[in-house]
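Notes follow the structure.
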Amino acid sequence: MVASDHQTVGWLVVVPNCCTSYPIPTTLAVYKSGRVVQRIRDGMMIYKWGFLDRGRRIAVSSGTVHGMTGIHLTLYDSQTGKTLQTWDGDDYGAAPKWGGEVSH
């Protein structure tokens with residue numbers, strides 16, 4: 001995916017998983033200015049993600065591979081990888097505005 005700044009790019013890294021018959025995405029790589037600037041991961045499977053603010057921030061939805069009953073959203077700074085905000089809710093709760101694109 002390319003951010004709206006047309007300079008920041010991200011992709012999911014898919015790895016083998018011990019407990020499934022298929023690989024899962026666990027890392028989001030962020031590329032800018034000719035190099036990978038971040039590898040974002042929280043130890044869970046990444047379901048959806050998207051750039052915000054012309055690539056300056058990234059919203060990520062992650063969780064367990066099977067049986068997840070809630071939604072875990074994290075907002076990251078794309079350059080530093082710093083966690084800016086997190087939100088844990090269920091499928092019926094109102095996600096924060098920044099997580100709207102990746103929450104379902």
Side-chain angles (χ1 to χ4, degrees):
M1 176 183 302
V2 179
S4 62
D5 68 355
H6 303 287
Q7 297 177 22
T8 309
V9 179
W11 65 90
L12 293 176
V13 178
V14 179
V15 298
N17 181 43
C18 69
C19 306
T20 61
S21 59
Y22 51 88
I24 61 170
T26 59
T27 302
L28 172 61
V30 182
Y31 179 91
K32 185 174 184 173
S33 302
R35 65 185 181 91
V36 173
V37 294
Q38 278 309 314
R39 289 177 182 86
I40 294 173
R41 58 184 155 260
D42 66 2
M44 295 188 280
M45 180 173 152
I46 298 173
Y47 292 113
K48 292 183 181 180
W49 68 277
F51 286 115
L52 302 170
D53 301 325
R54 296 184 51 80
R56 289 187 292 272
R57 300 186 305 158
I58 300 171
V60 175
S61 172
S62 62
T64 59
V65 178
H66 296 288
M68 189 170 145
T69 59
I71 299 170
H72 177 74
L73 303 177
T74 308
L75 182 65
Y76 295 95
D77 180 287
S78 66
Q79 292 298 300
T80 66
K82 179 181 175 185
T83 299
L84 302 173
Q85 267 185 293
T86 60
W87 182 80
D88 289 302
D90 59 37
D91 290 327
Y92 306 104
K97 185 175 181 180
W98 57 263
E101 292 288 319
V102 298
S103 63
H104 296 287

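Residues: numbered from 1 along the sequence shown.
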Closest non-hydrogen atom pair, [X] against [Y]:
| X | Y | value |
| --- | --- | --- |
| Ala29 | Val13 | CB-CG2, 4.3 Å |
| Pro96 | Leu73 | CD-CD1, 4.0 Å |
| Gly50 | Val102 | N-CG1, 3.7 Å |

I need the [X] [atom1] to [Y] [atom2] distance, nearest 0.5 Å.
| X | Y | atom1 | atom2 | value |
| --- | --- | --- | --- | --- |
| Asp77 | Ile58 | CG | CD1 | 8.5 Å |
| Arg56 | Gln79 | CZ | CD | 10.5 Å |
| Met44 | Thr74 | CE | OG1 | 6.5 Å |
| Gln85 | Trp98 | CD | CH2 | 6.0 Å |
| Tyr31 | Trp11 | OH | CH2 | 7.5 Å |
| Thr27 | Ile40 | OG1 | CD1 | 10.0 Å |

Which residues share a ring-ring contact (aromatic ring centres under 6.0 Å, His included) with Trp49, sequence neighbours left out: Phe51

Taking the side chain as every heavy atom from C-beta outward, state whether Asp42 and Val60 have any atom pair closer than 4.5 Å.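 Asp42 vs Val60: side chains apart.
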
Pro25 vs Met45 side-chain heavy atoms within contact, under 4.5 Å: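 Pro25 reaches Met45 side chain to side chain.
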
Using a 3.5 Å cut-off and no angle test, enumerate the donor-acceptor pairs between side-chain atoms of residues 14-21 and protein atoms at least two apart in sequence or in another chain.
from	atom 1	to	atom 2	distance (Å)
Asn17	ND2	Thr20	OG1	3.1
Thr20	OG1	Tyr22	O	2.6

Between [X] and [Y], is there shared hydrophobic-cluster membership here, with clusters defined by ILVMFWY side-chain heavy atoms closer than 4.5 Å?
| X | Y | answer |
| --- | --- | --- |
| Val37 | Leu12 | yes |
| Met1 | Leu28 | yes |
| Leu75 | Val30 | no |
| Tyr47 | Ile24 | yes |

With sequence neighbours left out, the residues meeting side-chain hydrogen bond (donor to acceptor under 3.5 Å, both in side chains) with Thr8 are Asp5

